[in-house]
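Residue numbering restarts at 1 for every chain, and letters A, B, ... go by the order of the sequence lines. The structure presented is a predicted model; accordingly, all values stated were derived computationally and were not measured.
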Amino acid sequence: MAKNTRKYWLMKSEPDVYSIDDLAREGRVHWDGVRNYQARNFMRDQMKIDDLVLFYHSNAKPPGIAGLATVASEPYADPTQFDPKSDYHDPKSTKDNPRWILVDIAFVEKLPALVPLDALKADPALEEMLVTQRGSRLSVQPVEHKHFTHVLKMAGAAPR
DNA sequence: GCCAACGTTGGC
DNA sequence: GCCAACGTTGGC
């Protein structure tokens, strides 16, 4: 049997801009606008189709994990970097050597209850989870499997 | 709205 | 290559 190489991630979105409900309605989205090299490298080098994603609401009241998604495409060049009218335009990027990479994300489920950041921080089992670390700004981050399953349990969601 | 944390830019 | 200045993120 093939080894399960699925990875787990957390991706942040401001719900005022794009929420889990938006993803539920649209089903699938180009995760454009990532302009941080570390986040890009995760998408470019490590994400695989069917990896599971914790969909995190940042700058929200309260902030927390709102849903589940999957990686739905191979990584490819973020088209907004070539669009002069886009907020994400990057004049230094070229089509021959695109600087910014994205993947598509597909909706899986909205969690039965949002798991607030407070609760993540208060749980000793998640002490080492990146999102609970002070000053953690990374918008695309890897999640350990044990943390992933623990969060699902906290949310009252079915195990994956 | 504040501000700590942290990433990027650019002068030297 | 250093680092000060500046910009952004994101919790509070």
Side-chain angles (χ1 to χ4, degrees), chain A residues 7-26 29-47 51-71 75-105 107-144 146-148 150-157:
Chain A
K7 286 191 166 66
Y8 301 87
W9 305 97
L10 180 147
M11 296 170 86
K12 295 181 185 174
S13 184
E14 301 190 21
D16 289 349
V17 179
Y18 199 87
S19 73
I20 190 68
D21 293 319
D22 294 318
L23 185 60
R25 191 163 50 244
E26 295 179 3
V29 68
H30 311 302
W31 203 258
D32 60 21
V34 171
R35 295 294 181 269
N36 170 281
Y37 288 106
Q38 218 181 335
R40 176 205 67 184
N41 292 349
F42 282 129
M43 292 197 289
R44 184 189 62 190
D45 303 335
Q46 295 197 39
M47 278 194 181
D51 281 359
L52 280 165
V53 177
L54 298 173
F55 193 104
Y56 179 89
H57 282 175
S58 61
N59 265 325
K61 291 175 189 171
I65 294 168
L68 283 184
T70 50
V71 176
Y76 60 98
D78 182 342
T80 63
Q81 70 196 300
F82 306 123
D83 178 0
K85 291 196 283 285
S86 170
D87 286 346
Y88 301 126
H89 181 232
D90 184 346
K92 292 182 189 162
S93 185
T94 64
K95 295 209 173 185
D96 286 343
N97 187 20
R99 179 178 296 187
W100 303 111
I101 298 297
L102 58 70
V103 296
D104 290 358
I105 294 297
F107 179 75
V108 174
E109 66 172 296
K110 183 173 176 175
L111 293 180
L114 180 113
V115 184
L117 180 60
D118 273 356
L120 300 175
K121 284 184 169 171
D123 195 319
L126 302 178
E127 207 173 349
E128 289 176 21
M129 192 176 180
L130 282 177
V131 76
T132 67
Q133 308 297 307
R134 179 182 170 79
S136 160
R137 301 192 319 181
L138 195 57
S139 65
V140 176
Q141 49 182 260
V143 174
E144 288 182 42
K146 63 181 178 188
H147 294 155
F148 182 87
H150 192 84
V151 168
L152 292 194
K153 213 173 286 177
M154 290 169 84

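Rounded to an integer number of Å, the gap from CD of A:Q38 to C1' of C:dT8 is 15 Å. As a whole-Å value, the separation of A:N59 CG from C:dG11 P is 6 Å. If you take NE2 of A:H57 and P of C:dC12, they are 17 Å apart, rounded to a whole angstrom. Rounded to an integer number of Å, the gap from A:Q133 CD to C:dG11 P is 14 Å. The separation between A:L138 atom CG and B:dG7 atom P is 9 Å, rounded to whole Å. Distance A:D90 CG to C:dT8 P: 14 Å, rounded to the nearest Å. One interatomic measurement links the two molecules: OH of A:Y37 to C1' of B:dT8, which rounds to 9 Å at whole-angstrom precision. Between the CG atom of A:L130 and the P atom of B:dC6 there is a distance of 12 Å, rounded to whole Å.
Defined by atom type and a distance below 3.5 Å, a donor-acceptor pair is present between the side-chain atoms of A:Y76 and A:D104. At a cut-off of 3.5 Å, with distance as the only test, a side-chain donor of A:Y18 or A:E26 sits close to an acceptor on the other residue.
In this structure, the nucleotide among C:dG10, C:dG11, B:dG10 sitting nearest to the side chain of A:S139 is C:dG10. For A:P63, counting side-chain heavy atoms from C-beta on, the closest listed nucleotide (C:dG11, B:dG10, B:dA4) is C:dG11. Side-chain proximity of A:N36 to the nucleotides B:dA4, B:dG7, B:dG10 is greatest for B:dG7.
A:W31 pairs in a ring-ring contact (aromatic ring centres under 6.0 Å, His included) with only one of the listed residues (A:W100, A:F42, A:F55), which is A:F55.
The residue among A:R137 and A:R99 whose nearest nucleotide of DNA chain B lies closer to the 5′ end is A:R137.
When the side-chain nitrogen and oxygen atoms of A:Y56 are compared with OP1 and OP2 of C:dG11, one or more of them lie within a distance under 4.0 Å. For B:dA5, the OP1/OP2 oxygens have a side-chain nitrogen or oxygen of A:R134 closer than 4.0 Å. Between A:K12 and C:dT9 there is no side-chain N or O to OP1 or OP2 distance below 4.0 Å.
Contact annotation for A:K121: backbone-only contact, meaning every heavy-atom pair under 4.0 Å involves sugar-phosphate atoms and none involves a base.
Using a 4.0 Å cut-off between charged nitrogen and carboxylate oxygen, A:D118 and A:K121 do not count as a salt-bridge pair.
In this structure, A:D87 CG and A:T80 OG1 are separated by 9.0 Å, a value rounded to the nearest 0.5 Å.
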